[in-house]
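Structure, as structure tokens:
By convention in this document, chain letters (A, B, ...) are assigned in the order of the sequence lines, proteins followed by strands, and residues within each chain are numbered from 1. These numbers come from a predicted model, not from an experiment.
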There are 2 protein chains.
Amino acid sequence: MSIKVAIVEDSTRVRESLAALIGGSDGFRCVGTFPNAEAALAGIPKEWPDVILMDINLPKMSGIECVSKLKVLRPALQIIMVTVYIENEKIFQSMVAGASGYLIKQTPPAEILEAISDVHRGGSPMSSHIARKLVQYVAQVAQVARPAEKMELSPREHEILCLLAKGYQYKEIAESLTISVETVRTHLRNIYEKLHVRSRTEAVVKFLEQKGT
Amino acid sequence: MSIKVAIVEDSTRVRESLAALIGGSDGFRCVGTFPNAEAALAGIPKEWPDVILMDINLPKMSGIECVSKLKVLRPALQIIMVTVYIENEKIFQSMVAGASGYLIKQTPPAEILEAISDVHRGGSPMSSHIARKLVQYVAQVAQVARPAEKMELSPREHEILCLLAKGYQYKEIAESLTISVETVRTHLRNIYEKLHVRSRTEAVVKFLEQKGT
DNA sequence: CTCGGGATACTACTTTCGGGGGATAGGGAA
DNA sequence: TTCCCTATCCCCCGAAAGTAGTATCCCGAG
């Protein structure tokens, strides 16, 4: 059973050469070519392909949005984004929309076919350069969720941190506790040190995380 | 200039065959082999390699923890995790710890060398299977964060708010998104307006609350 | 008793924020 | 086309936050 592929690409030349590549290769079958997202949304549901090669930059509706809509209709669709150059933002947007792979247009024919069967097998073909971006993103996001080590705050410090977490300013905290702003500063300085943070925002985030735990 | 590689691997056979492969290939030089994390932490700082092949499962201290410690000492270190089979959790932990690539032990020699030079060039060599896991993770994370924006924040604003919630300063947000501080300030003003708050702390608290919901 | 930690307070200084203006380019809606 | 929204960028300015060093008072542990 050959893999059914559809192509969404506004450049006629690229579209036809891709179609020729796929149509002329064993194990692949081109079941549709579309010059824009609108045509794709209208035509693809008529004969669902296994894999779609989707240009990112399409006139009017972008390829990314098109992916979103198609994925809603058929989540099992495997989609490879195709573009001329690497755009970090669009990579992420594509991933979020539901695309699985990412190809540069000048990719050699053999690799394009390899990517198609790869994504069909459940992989995510992409250059290692793009993969690096993903790795960095994951590492960054996970940093936030990292468990915060809790530290022994004195009752007074805890009290002040609570007020801080309500968005109070130094002045307001001072008034509310009937102490001077300077004292608030001193406490905050100690709190920051204990929590290993450098700003009220970080302190509040840690505080709320711990509270929720 | 050849790429200096160190190997951390408890199996003597695997370690030596990797060392032989690297030592016997043009453009690569093996500058150290270690049977465990402790030895690696002691020996690697003596002659910093460019790339480290790190076994994930080591006796006592895990390869992941070893990566963390080494990365602190030298963030520029490029590390490829090596393991016998794919373990999702460990992949993510490794990424968070600071590893860039991920190899299965039975990878052909040529691909191992390719992966080393790849990571040295700034890529993240990994199988497309693993890449898929990353893609799913990214998509999932973004999905969770999306419904939280009942407050009509634009995607960009949401992104900035996320970074703000990590305790980033304007300057850091600007750098991380490759935009100017002024733009960040403008976005923040709009965000404050939409959320009806007047400070980062309040905005972050609202954000975290809504996220948890 | 002395020592240390917590709570209080002050001076002085630097950096970051938040609020006020505008401005431009591109995309989509009216 | 015009109008609005989004995203981008810039300037000014005062207020708030953060850094550093110091100092008093009280209380409990050693």
Just call it for B:Thr183: base, sugar-phosphate, or nothing, with non-hydrogen atoms closer than 4.0 Å on any strand. base

Would you check if there is a donor-acceptor pair between the side chains of B:Thr183 and B:Ser180 at a distance under 3.5 Å? yes

In whole angstrom, give the distance that lies between atom CG of B:Leu161 and atom P of C:dC17. 14 Å

Interatomic distance, B:Glu193 CD vs D:dA7 C1' [rounded to whole Å]: 17 Å

Whole-Å distance separating the CG atom of A:Leu195 from the C1' atom of D:dG18: 15 Å

What's the CZ-P distance between A:Arg185 and C:dA7, to the nearest Å? 19 Å

So, A:Arg15 and A:Asp10, do they make that salt bridge, N to O below 4.0 Å? no

Does OP1 or OP2 of C:dG18 have a side-chain N or O of B:Arg198 closer than 4.0 Å? no

Out of D:dC9, D:dT8, C:dA7, whichever nucleotide has its closest atom nearest the side chain of B:Arg156: D:dT8

Interatomic spacing from OG in B:Ser154 to NE2 in B:His187 - rounded to 0.5 Å: 6.5 Å

Donor-acceptor pair present, B:Thr186 side chain and D:dC9 base, under 3.5 Å: yes

Indicate yes or no: does B:Glu159 engage B:Arg156 in a salt bridge with an N to O separation below 4.0 Å. yes

For B:Leu188 and D:dA7, what is the distance between atoms CG and C1' respectively, to the nearest whole Å? 14 Å

How long is the line joining CZ of B:Arg200 and C1' of C:dT16, in whole Å? 8 Å

If you compare every side-chain N and O of A:Tyr170 against the phosphate oxygens of D:dA15 (OP1, OP2), does one of them come in below 4.0 Å? no

Testing D:dA16, D:dC10, D:dT6 for proximity to the side chain of A:Lys171, the answer is D:dA16

Report the distance from atom CD1 of B:Ile173 to atom P of C:dC17, rounded to the nearest whole Å. 8 Å

A:Glu182 CD to C:dA9 C1': how many Å, rounded? 7 Å

Please confirm whether the shortest side-chain N or O distance from A:Ser180 to OP1 or OP2 of C:dC10 is below 4.0 Å. yes

Taking the minimum atom-to-atom distance to the side chain of B:Gln169, which one of C:dT16, D:dC9, C:dT8 wins? C:dT16

Could you check which of D:dT6, C:dA7, D:dG18 has an atom nearest any side-chain atom of B:Ser154? D:dT6

Assess whether a salt bridge exists between A:Glu157 and A:Lys194, defined as any Lys/Arg side-chain N lying under 4.0 Å from an Asp/Glu carboxylate O. yes

Base D:dG18 paired with A:Arg189 side chain (donor-acceptor, <3.5 Å): no

With a 4.0 Å cutoff (strictly under), does any side-chain N or O of A:His187 reach OP1 or OP2 of C:dG6? no

Nearest-neighbour nucleotide for the B:Ile179 side chain, D:dA17, D:dC9, D:dT6 considered: D:dC9

